Number of protein chains: 4
Amino acid sequence: MPKVTEEHRLARRAQIVAAARTCVIEQGFHKTTMADVIQESGLSAGAVYSYFKSKEAIVAAIAEDALSAIDELFEKLLASAEPLSPLMALERTIAHVVTVAEAPGGDVTRVAVQAWAESLRNEEIHEVAKGKYCQLRDHFLDIVRRAQADGTVDPDVDPLHIAQVMFGMIPGFVLQRLLIGDVTPETYSAGLRALLRQ
Amino acid sequence: MPKVTEEHRLARRAQIVAAARTCVIEQGFHKTTMADVIQESGLSAGAVYSYFKSKEAIVAAIAEDALSAIDELFEKLLASAEPLSPLMALERTIAHVVTVAEAPGGDVTRVAVQAWAESLRNEEIHEVAKGKYCQLRDHFLDIVRRAQADGTVDPDVDPLHIAQVMFGMIPGFVLQRLLIGDVTPETYSAGLRALLRQ
Amino acid sequence: MPKVTEEHRLARRAQIVAAARTCVIEQGFHKTTMADVIQESGLSAGAVYSYFKSKEAIVAAIAEDALSAIDELFEKLLASAEPLSPLMALERTIAHVVTVAEAPGGDVTRVAVQAWAESLRNEEIHEVAKGKYCQLRDHFLDIVRRAQADGTVDPDVDPLHIAQVMFGMIPGFVLQRLLIGDVTPETYSAGLRALLRQ
Amino acid sequence: MPKVTEEHRLARRAQIVAAARTCVIEQGFHKTTMADVIQESGLSAGAVYSYFKSKEAIVAAIAEDALSAIDELFEKLLASAEPLSPLMALERTIAHVVTVAEAPGGDVTRVAVQAWAESLRNEEIHEVAKGKYCQLRDHFLDIVRRAQADGTVDPDVDPLHIAQVMFGMIPGFVLQRLLIGDVTPETYSAGLRALLRQ
DNA sequence: AATGAATGAGACTTCATTCAT
DNA sequence: TATGAATGAAGTCTCATTCAT
């Protein structure tokens, strides 16, 4: 019989993750200190460490959140019955990226970029990233297969290769948005429509 | 005296950058310590600090190198007189990415991903990244303009938007190659050829 | 009511001491955390603190127990009417040490060694240790005096000095048993019989 | 070509060990903090950690020193050609213990008692303690064998058992000296002469 | 009375940088 | 000029104890 409800525990955990995310968005994983997270969360060091056993665990939690963010809503948006052309799927994904990025709580795409870098030297995060992105890519794979069935896309090309290229357009949008700042769903749509077969 | 000394200085500098790159490829910017770089370079702490005033300066040097790597050869490859279709330009760029990544001295694309993350909190690296990537994107812009002049690409679409999408395919290739590992210039070519108007 | 409650209190106290002893035998005083004791006892933090005002108080209680262990049974064994030679007294004491050490609840001699170390910087435990060991030594003193009266031992030597040497054989047995492991009451008896006048 | 001599390094190391020993004598292994050792040594944290990789390593070094202290001089004292009776060997050992204990630099017997306790939960220190004490006991074993050859000691008793009892008298002296304080080489000699066959 | 979540001082250790030699 | 030992601020994490519920 815990003194506090499971609800309370989850709320505290979320509070810590939110605080940590805020810090990471501003300073990155490595410049964010536990003292920053503790202060931002409004809890004590001991409290934070009773929810996460180490800084690494917090980083992993935030990274997983950020890597899931796109796919989470992707499922909702694209899992509808009506077939979606590759172009429309990309347009909706890009639009969703911006929605998620501009949601309150800070731009998670900044955390995702951190997670990409971290994946290169942290096997745990690498596994998460690989898993999440394969899952996301599989959604594009479904769309490609439907389009091949429709005859909209050449059925003789391996659909995985097409899904690779489709998925591969997302990080480039995220990166241009963060580093250069002149891309929007509208500019990307225009470019896509000019470049892609339809 | 000045000539030899200057050469010597440059050689030393390159030696330090190479050592630091090796460390960064394995451990990332933040887990790489100056002690690591000093050991790997075979120089003394004092020597290293006489060439770079801080760790941050070394990081900036490596980041700049890595962010330039793609564009450097891009210029050589694409600055030829004959017009290049968007598809071919992308194919050559992707092929070049892999060439550079597999060159001796370690996979610079790993450093580039580190640099993306670092750009988000380090204004100096941000400026470099933005500059290098705008420059690279401008090359795509040229190609798009020529294609619009040829009538191969719709002339009514803002060529920048098309260049954005083209440029935006590169980071996605790099990322899938590092995180998932199942993309090659050949799979990407197949996907591009299926997806793009020609 | 008071009777039952008092019994209850004593049982709880014993439960805590037993739990703490288990921890201390495994990890020593300092590596044992209150969290360990709380978990091992099956009580809550608040409960444990309602029986002992601090970790130090628990440590003191265990130390006192361990330092008393030898003497407790010593009294029973040696307080008989018949005179005991120094040799026999030592043999019985050594035998008793092993009995106590092998009793269920864990080897208290391990706690005693911890208490020796702790005595050097904790005045409270020092007082307890000094008191218990003087008391134990006094039993040897009685035996020496009887032996001097019998003429078995030289009456011209200060009996305290003889008791010091007799008492001084016990820690060496305990230590060799714990650190080296090749001493038993039998090997010690053989050594004593060869070495001591009888 | 190190910038500092080996001599210098050894001196620094000794400086740290001496500082740590001072702290440990006052406060024990666990209450001694690295900050204490750093302050007492007059060096910086970084300097201390460049000579010892952890607090545990310093503790091990001090423990080894303390456990060796008795045996070191034991060898010098007893390795003479002339045969030494068990009684004389014990007397000289006890005298040596006091000499060592009263040497400048602090009473190492206090450290030895700490090491006994630490041996029970630290396998590295346990191995050192076991090794050193077996070595010391072997010296008593030699003496016993000579005495058996002389006919001074019963040749039918296992000499190891006799050495166990002889060795076993030393910790008891050390402990009474530290905890009770009324033993001296003279009182112990008197007791030994009254108790032992000669 | 009992619980156990929360506190926060303080422990150990690292590492970018300097400067006496 | 080059060296690398030394610095010390700052980082991560622990744990004895308390007190709101």
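Since we're looking at a predicted model, the values are computed, not measured. Throughout, a chain's letter reflects where its sequence line sits, starting with A, and its residues are numbered from 1.
Atom CZ in D/R9 sits roughly 10 Å away from atom C1' in F/dG4 (whole-Å rounding).
Side-chain contact check for D/Q114 and D/H30: no donor-acceptor pair (N or O, by modelled atom type) lies under 3.5 Å.
Of the possible polar contacts, none joining the A/T109 side chain to the A/A112 backbone as a donor-acceptor pair under 3.5 Å is found. Without hydrogens or angle criteria, D/K130 side chain to D/I125 main chain gives no donor-acceptor distance under 3.5 Å. Checked by atom type and distance alone, the side chain of D/Q27 never pairs as donor or acceptor with a backbone atom of C/R121 at under 3.5 Å.
When heavy atoms are screened at a 4.0 angstrom cut-off, A/Y51 is found touching the sugar-phosphate backbone but no base atom. Counting any heavy atom pair closer than 4.0 Å across all strands shown, C/S50 reaches no nucleic acid atom.
Of the residues in residues 13-25 of chain C, none lies under 4.0 Å from DNA chain F by heavy-atom distance.
Nearest nucleotide to the B/M34 side chain, out of E/dT17, E/dA2, E/dG8: E/dT17. Set against E/dC15, E/dT17, E/dT7, the side chain of B/T33 has E/dC15 as its closest nucleotide. Side-chain proximity of D/A45 to the nucleotides F/dA9, E/dT18, F/dA16 is greatest for F/dA9. In the set E/dG8, F/dT3, E/dT17, the nucleotide with an atom closest to the side chain of B/K55 is E/dT17.
Residues D/V59 and D/I62 have side chains not in contact (no heavy-atom distance under 4.5 Å, counting atoms from C-beta outward).
We find the CD-NZ distance between A/E64 and A/K132 to be 4.5 Å, quoted to the nearest 0.5 Å.
Along DNA chain F, the nucleotide nearest to A/E56 and the one nearest to C/Y49 differ in position, and the one closer to the 5' end is contacted by A/E56. Between D/I38 and C/G46, the residue anchored nearer the 5' end of DNA chain E, judged by the nucleotide with its closest heavy atom, is C/G46. Of the residues near DNA chain E, C/R12 and D/S54, the one whose nearest nucleotide (by heavy atom distance) lies more toward the 5' end is C/R12. Along DNA chain F, the nucleotide nearest D/L43 and the nucleotide nearest B/A47 are compared for position; the residue whose nucleotide lies closer to the 5' end is B/A47.
Taking side-chain N and O atoms only, A/H8 has a distance below 4.0 Å to OP1 or OP2 of E/dA6.
Judged by Watson-Crick or G-U wobble contacts below 3.5 Å, the nucleotide F/dC19 has E/dG4 as its partner. The partner of F/dT12 is E/dA11, by the rule that a Watson-Crick or G-U pair needs both atom distances under 3.5 Å.
Here the rule is side-chain contact (heavy atoms from CB on, under 4.5 Å) with C/R12, and of C/V48, C/V17, C/L43 only C/L43 fits it.
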